[in-house]
Amino acid sequence: SFKMSWNDYLGYLTYKEGVEGQCVEHGMILGHDGTPWAATAGFALQSYDFNLPIDEEHTEKVNINEVANLLDCLNNNGVCKAKGGVRILNTKYMMVKYDADKKAAYFSRVKGGACAVKTAQAIVLATYNAEVPPQSVGLCNENVEKLADYLASQGYQILSLSHKNKLSVYDHDH
């Protein structure tokens, strides 16, 4: 049987039949541990020190780990407890909505936003820039949700945790 690479799946995230151009700004598929499996060119979540404003006169230096903060949000029903909140490419993203049934988080930023969905084995993430057509909140959310649904439909089920805490993943068709 034909097996697609993770990079092939990025096409589903980035493009949509009948729509000319990229539907998202950046896209990524990553494991639950934050390891990127595939990402659009030049897209990597980062770690850095950031001066977080406490009030009008004071800041606090915090270390931002964009992967850890995103995982924190997705693992806590959309609530990011980490200092600095959800940041992607050193840009702050605000939670708009969290859908517990879909395990989907919807974010906005100045002139754009993002969508992230957690599946049984992966996290699908994409951002959009509202100033670059055809990118839009609708296409971004639709493409992320569709790819997440597709991955879930492929029948990967986490059946057991081995003694080394590595996930054993089986395809139920075989």
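Any value given below was found using the heavy atoms of this structure, including those in side chains, with hydrogens, waters and symmetry copies removed.
- Scanning both residues, Val117 and Ala104, for their nearest heavy atoms gives CG2-CB, 3.6 Å.
- Taking CG of Asn129 as the reference point, atom CD of Glu25 lies at 5.0 Å (rounded to 0.5 Å).
- When hydrophobic clusters are built by joining Ile, Leu, Val, Met, Phe, Trp and Tyr residues whose side-chain heavy atoms come closer than 4.5 Å, directly or via intermediates, Ile64 is not grouped with Val67.
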- Message: Quick one, Leu125 with Leu70, criterion side-chain contact (heavy atoms from CB on, under 4.5 Å). Give me CA distance, side-chain angles, the key distance, then yes/no.
- Response: CA-CA 10 Å; Leu125 167 69; Leu70 178 65; 4.0 Å; yes
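- Considering all non-hydrogen atoms of both residues, Val62 and Leu52 come closest at CG2-CB, 4.0 Å.
- Between Lys118 and Asn75, the side chains place a donor N or O and an acceptor N or O closer than 3.5 Å (distance only, hydrogens not considered).
- Note on Trp37 and Ile88: separate hydrophobic clusters, where clusters join Ile, Leu, Val, Met, Phe, Trp and Tyr whose side-chain heavy atoms are under 4.5 Å apart, directly or indirectly.
- Of all heavy-atom pairs between Ala114 and Tyr128, the closest is N-CE2, 3.9 Å.
- The minimum heavy-atom distance linking Leu89 with Ala44 is given by the pair CD2-O, 3.4 Å.
- With hydrophobic clusters built from ILVMFWY side chains whose heavy atoms lie under 4.5 angstrom apart, Leu10 shares a cluster with Trp6.
- The backbone N or O of Gly85 lies less than 3.5 Å from a partner atom in the side chain of Asn69, making a donor-acceptor pair.
- Of the possible polar contacts, one joining the Asp72 side chain to the Lys81 backbone as a donor-acceptor pair under 3.5 Å is found.
- Here the closest non-hydrogen pair linking Glu66 and Tyr48 is OE2-OH, 2.8 Å.
- The salt bridge (Lys or Arg N to Asp or Glu O under 4.0 Å) search around Arg87 returns none, not counting sequence neighbours.
- Between Lys146 and Glu17 no salt bridge is recorded (no basic side-chain N to carboxylate O distance below 4.0 Å).
- With sequence neighbours excluded, the residues that form a ring-ring contact (aromatic ring centres under 6.0 Å, His included) with Phe43 are His26.
- Counting heavy-atom neighbours within 6.0 Å of Lys92 NZ, excluding the residue itself, gives a total above 12.
- Of all the heavy atoms in Pro36 and Leu30, the pair that sits closest is CA-CB, 3.9 Å.
- Grouping the Ile, Leu, Val, Met, Phe, Trp and Tyr side chains by contacts below 4.5 angstrom, directly or via other members, places Leu74 apart from Val124.
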- Task: For side-chain contact (heavy atoms from CB on, under 4.5 Å), just list the numbers for Leu151 and Tyr9, CA-CA rounded to whole Å, side-chain angles, deciding distance to a tenth of an Å, and then say yes or no.
- Result: CA-CA 9 Å; Leu151 293 177; Tyr9 289 113; 4.1 Å; yes
- Message: Under the criterion side-chain contact (heavy atoms from CB on, under 4.5 Å), I'd like the reasoning laid out for Lys103 against Tyr98: C-alpha separation, chi angles, the key distance, then a yes or no.
- Response: CA-CA 7 Å; Lys103 290 189 168 44; Tyr98 180 79; 4.0 Å; yes
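- Under 3.5 Å, the side chains of Gln22 and Thr14 contain no donor-acceptor pair of N or O atoms.
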